[in-house]
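Only one structure is covered here, and it is reproduced in the block below.
Just so it is clear, the structure is predicted and the values come from calculations on it, not from any experiment.
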Amino acid sequence: MLRLVLVALVVAVSSADFTVLKSPQYQIFQEGKWPVPGDRIPDVISLSMGFSVEEGLDWPGLGVGNLFQRPRSTVLVTVTGVNKLPLSGNGMSYPVENAVPYSLDSVVNSVHSVFSEEMPVVLQLAPIEERVYMVGKANTVFEDLSVTLRQLRTRLEQDNSIIQSLPVSSLYKNDETDRLFLSELQVLQDIITLLSGHKHLAKDNVPDIYSLELTGLEEIKKRYGEESAKFKDAVKILSDFLQKSNPGSPYNLAYQYNFDYAVIFNIILWIMIGLALAVIAISYSLWNMDPGYDSIIYRMTNQKIRMD
């Protein structure tokens, strides 16, 4: 399952759809069908993380939100080969206008320029193309991550591979094209597993970026066609996998407290106690004041009367 830190922004982008799967409560994505310019997707990600962009973006889908709280992690999953994934969760979807290839280099540069000393986690990965870019703490966190096709082939043969947890389908791990798609799912699962062993990363104030480009669906579509059973099974498996990042709860639970809650609570508490004690002390002093001796108002009045 795709379980990520609670204060993460999780976005899935296909050829014609921009879907926000999970967003912090203090970040406001507006419900609507406003098209997202394909070449401005990196700017949407930058603004959602609290960074400025060179060119203004007049897109009503993203509200102002809380200026002092931004996602500590941003996960962008780009899926090629399908116009729109059948995501039926609670996320918000927007059509993509003029879809073009894009890069998050500008977002990564913004993170580095502001948090150069804190070493944020930056991971950009395209498993099938064997493109990987790790910066900062990512080199330590993901040092055991399989990133080459040979490593992924070996990983799929292991007993704890994702194949053991997938539903029965027409996909076959010994088929070269199917294996490419399954390798991408394996990478997603392994990233989540490795992050679960470094939960302290979710408690710092440094924003992390995870960008994954999945092209396995496109490879299946090219070989077997859009109407094939393999392509339909792959679309459903990937959609289900991504949607498990935002599981609902049947219980009436309170919202997750921010890690600053204790600090803010103590500041407000002691300020209120201090003000209350000050009011009591001032009130007591005024109540026991002798107007003839202690009040400057009465002294000035008495002097004026004497002079007259």
Side-chain angles (χ1 to χ4, degrees), residues 1-4 8-23 27 29-38 41 44-45 48 59 61-62 74-102 125-128 162-173 175 177-189 191-192 210-250:
M1 292 187 299
L2 188 61
R3 295 182 181 273
L4 299 155
L9 168 67
V10 185
V11 177
V13 181
S14 57
S15 300
D17 187 69
F18 180 93
T19 302
V20 180
L21 294 173
K22 185 175 181 63
S23 177
Q27 187 180 56
F29 276 91
Q30 311 288 347
E31 292 187 7
K33 295 298 180 182
W34 301 287
V36 182
I41 289 178
V44 174
I45 300 298
S48 68
W59 185 61
L62 180 63
T74 297
V75 182
L76 178 65
V77 181
T78 304
V79 182
T80 62
V82 61
N83 289 331
K84 184 176 181 179
L85 290 172
L87 301 171
S88 58
N90 297 324
M92 285 172 283
S93 296
Y94 310 93
V96 175
E97 186 178 51
N98 300 324
V100 295
Y102 58 86
L125 183 61
I128 292 181
I162 196 171
I163 295 178
Q164 311 301 324
S165 60
L166 292 179
V168 178
S169 67
S170 58
L171 301 178
Y172 188 49
K173 68 176 181 179
D175 182 277
T177 306
D178 295 355
R179 186 167 58 245
L180 293 176
F181 172 76
L182 295 173
S183 297
E184 293 178 336
L185 295 182
Q186 185 65 63
V187 170
L188 283 173
Q189 183 64 58
I191 289 175
I192 298 163
Y210 307 90
S211 175
L212 300 107
E213 183 178 345
L214 309 181
T215 59
L217 277 180
E218 187 173 13
E219 297 298 325
I220 293 178
K221 180 180 178 180
K222 288 179 180 178
R223 180 171 179 181
Y224 298 106
E226 193 171 357
E227 299 299 325
S228 65
K230 285 182 177 291
F231 182 78
K232 293 179 180 179
D233 288 346
V235 169
K236 186 179 186 308
I237 290 174
L238 180 58
S239 299
D240 292 343
F241 193 89
L242 292 176
Q243 285 182 109
K244 291 178 181 178
S245 65
N246 192 17
S249 174

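Under the side-chain hydrogen bond (donor to acceptor under 3.5 Å, both in side chains) criterion, Thr215 pairs with no residue, sequence neighbours left out. Remark: Tyr94 engages Trp59 in a ring-ring contact (aromatic ring centres under 6.0 Å, His included) (not counting sequence neighbours). Under the rule for a side-chain contact (heavy atoms from CB on, under 4.5 Å), the partners of Ala99 that lie at least two apart in sequence or sit in another chain are Val96.
Residues Ile191 and Leu212 have side chains in contact (heavy-atom distance under 4.5 Å, counting atoms from C-beta outward).
For the residue pair Thr177 and Tyr224, no side-chain donor N or O sits within less than 3.5 Å of a side-chain acceptor on the partner.
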Worksheet item: Between Leu214 and Leu188, is a side-chain contact (heavy atoms from CB on, under 4.5 Å) present by the stated rule, with each step listed?
Response: CA-CA 10 Å; Leu214 309 181; Leu188 283 173; 4.0 Å; yes
Item to complete: Determine, step by step, whether Leu217 and Leu85 satisfy the side-chain contact (heavy atoms from CB on, under 4.5 Å) criterion, reporting the C-alpha distance in whole Å, the side-chain angles of both residues, the deciding distance to 0.1 Å, and the verdict.
Response: CA-CA 11 Å; Leu217 277 180; Leu85 290 172; 4.1 Å; yes
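The two atoms that bring Glu31 and Met92 nearest to each other are CG-SD, 3.6 Å, heavy atoms only. Heavy-atom minimum distance, Pro167 versus Ile237: CG-CG1, 4.4 Å. Considering every non-hydrogen atom in both Gly38 and Val100, the closest pair reads C-CG2, 4.0 Å. Heavy-atom minimum distance, Ser23 versus Phe29: OG-CD1, 3.8 Å. The nearest pair of heavy atoms linking Leu182 to Ile162 is O-CG2, 4.2 Å. For the pair Asp17 and Ser93, the tightest heavy-atom approach, listed with the atom from each and the gap, is OD1-CB, 3.5 Å.
Here CD of Glu184 is found 3.5 Å from CD1 of Ile128. Values are rounded to the nearest 0.5 Å. Considering CZ of Phe18 and CH2 of Trp34, their distance stands at 13.5 Å, rounded to 0.5 Å. To the nearest 0.5 Å, atom OG of residue Ser169 and atom CG of residue Asp178 are 8.0 Å apart. Between the OG1 atom in Thr80 and the NZ atom in Lys221 there is a gap of 9.5 Å [rounded to 0.5 Å]. One distance of note links OG of Ser165 with CD of Gln189; it measures 6.5 Å at 0.5 Å rounding. One distance of note links NZ of Lys236 with NZ of Lys232; it measures 13.5 Å at 0.5 Å rounding.
The side chain to side chain contact (heavy atoms under 4.5 Å, CB included) test with Leu171 singles out one residue from Ile220, Leu185, Ile163, and that residue is Ile220.
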